Number of protein chains: 2
Amino acid sequence: MDTRERLIESTRELLWERGYVGTSPKAIQAHSGAGQGSMYHHFSGKHDLALAAITRNAEDLRARAEAAFTQRGPAFDRIAAYLRRERDALRGCPVGRLTQDPDVMADSALRKPVEDTFAWLTDRIAGILAEESRLDPRTTATALVAVLQGGYVLARAAGSADVYADAVDGALGLLEGHLPEGN
Amino acid sequence: MDTRERLIESTRELLWERGYVGTSPKAIQAHSGAGQGSMYHHFSGKHDLALAAITRNAEDLRARAEAAFTQRGPAFDRIAAYLRRERDALRGCPVGRLTQDPDVMADSALRKPVEDTFAWLTDRIAGILAEESRLDPRTTATALVAVLQGGYVLARAAGSADVYADAVDGALGLLEGHLPEGN
DNA sequence: GTCTATACATGGATAGAC
DNA sequence: GTCTATCCATGTATAGAC
């Protein structure tokens, strides 16, 4: 992995863990092993580097989600597969966490990937729901995505990944009866 | 309001808006109109002041929630009243947002009010659900609290409070049929 | 109780040598 | 491309006068 790549990957990690406000150029350099000069050679500054990292986090989320959704099977199963996908719940969502960062939300370039990601995700799930239920697709999909994001919040508050699993189980319990299940 | 009180209230505002990492003593002084000397006279430092502010945010959340839950009526209505309570969705939850702050989560004193608040809230809702349904109270309550917290995340991502309302509507739509409704 | 002065580290970036 | 030196603002706190 070349220096530029290491800088982006380190920034992804640090943004995930500490957010934009909490991540300093110095910390990125230390984490990536790149020097001051290197960083400012490859990127114009913290903002530029963060944009690259956030964009990649967003692409990554999308690709992983799509992998769960394109499995074959009934809607309930595909949604359950996505919600139950292996996750490090205590780390939270690398995209969702950015919504709490005032400097990210105040900057339209940094904010756009975040906005687009959740718009896409909600739409994608709404499409799946529309195939097989009479639930309102948009509001139901929004609620399901919210369970994910809120599940992370609660897991972190409790210091236990089990709470994330509880939130998902609760949501799937509510879905039962509204969607035809596959087994 | 005396100086000490103004310092706490200003810190509550700033923690809500910018988090712990993003809030400087200087910003607190400017917002509260208190001088450097005043702040360090009343509190030992940023940490001490944040503890007072976080504690108060937690008490506040609890009191407001309790007000919705103690209304009379069937479980569905009391829960709907809480979820639909007037909120400034774009500002997010003053307690939930702290879960994204690495310095808060790493400090057991600052973290405890956050942990306790969500444990209480989930339990409280589980108790209401247990009265009138065969849903699993704990997981269902966890999912409902997660919809709240996730609704804030999605509303901020979209830049629209309507998304919060969508998440709540979706969740209540899923609850229907599982709980006896009152109207 | 509040003010001003001071201190020292860090944040974020630029300049120029190699 | 990478390194070191340098820069100025800010973060966070202490000291001591009033």
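Every chain is numbered from 1 and lettered A, B, ... according to where its sequence line falls, protein lines coming before strand lines. Computed from a predicted model, the values in this text were never measured in an experiment.
Taking only side-chain atoms of A:Lys46, from C-beta outward, the nucleotide of D:dA13, C:dG12, D:dT2 with the closest atom is C:dG12. Residue B:Tyr40 has its side chain nearest to D:dA13 when only C:dC3, D:dA13, C:dG11 are considered. Comparing atom distances between the A:Ser38 side chain and each of D:dC3, C:dG12, C:dC3 picks out D:dC3 as nearest.
Distance CD (B:Gln36) to P (D:dA15): 14 Å, rounded to an integer number of Å. Spacing between atom CZ of B:Phe43 and atom P of D:dT12 amounts to 17 Å, rounded to whole angstrom units. Regarding A:Arg6, its CZ atom lies at a distance of 8 Å from the P atom of D:dT2, rounded to whole Å. Taking atom CG of residue A:Asp2 and atom P of nucleotide D:dG1, one finds them 9 Å apart after rounding to whole Å. Rounded to whole Å, the distance from NE2 on B:His41 to C1' on D:dT14 is 16 Å. Whole-Å rounding puts the B:Gln29 CD to C:dC3 C1' distance at 12 Å. Distance, B:Asp48 CG to D:dT12 C1': 14 Å, rounded to whole Å. For A:Leu49 and C:dG12, the CG to C1' distance is 13 Å, given to the nearest whole Å.
Both the sub-6.0 Å distance and the 45° axial angle are not jointly satisfied by A:Arg12 relative to the ring of A:Tyr20. Stacking of B:Arg87 on the aromatic ring of B:Tyr82 is recorded, both the 6.0 Å distance cut-off and the 45° axial limit being met.
Listed pair A:Thr3 / D:dT2 meets the phosphate criterion, a side-chain N or O lying under 4.0 Å from OP1 or OP2. In this structure, A:His47 does not reach the C:dG12 phosphate: none of its side-chain N or O atoms is under 4.0 Å from OP1 or OP2.
B:Lys26 comes within contact range of at least one nucleobase, with a heavy-atom separation under 4.0 Å.
Salt bridge annotation for B:Arg18-A:Asp101: absent, with no cationic side-chain nitrogen under 4.0 angstrom from a carboxylate oxygen. Taking the charged nitrogens against the carboxylate oxygens, A:Arg97 and A:Glu17 have no contact shorter than 4.0 Å, which rules out a salt bridge.
Residue A:Asp60 is tested with A:Arg56, A:Arg64, A:Arg62 for a side chain to side chain donor-acceptor pair (under 3.5 Å); the sole match is A:Arg64.
Both A:Ser44 and A:Gly22 lie near DNA chain C, and the one whose nearest nucleotide falls closer to the 5' end is A:Gly22. Comparing A:Ser24 and A:Gly37 along DNA chain C, the residue whose closest nucleotide (by nearest heavy atom) sits nearer the 5' end is A:Ser24.
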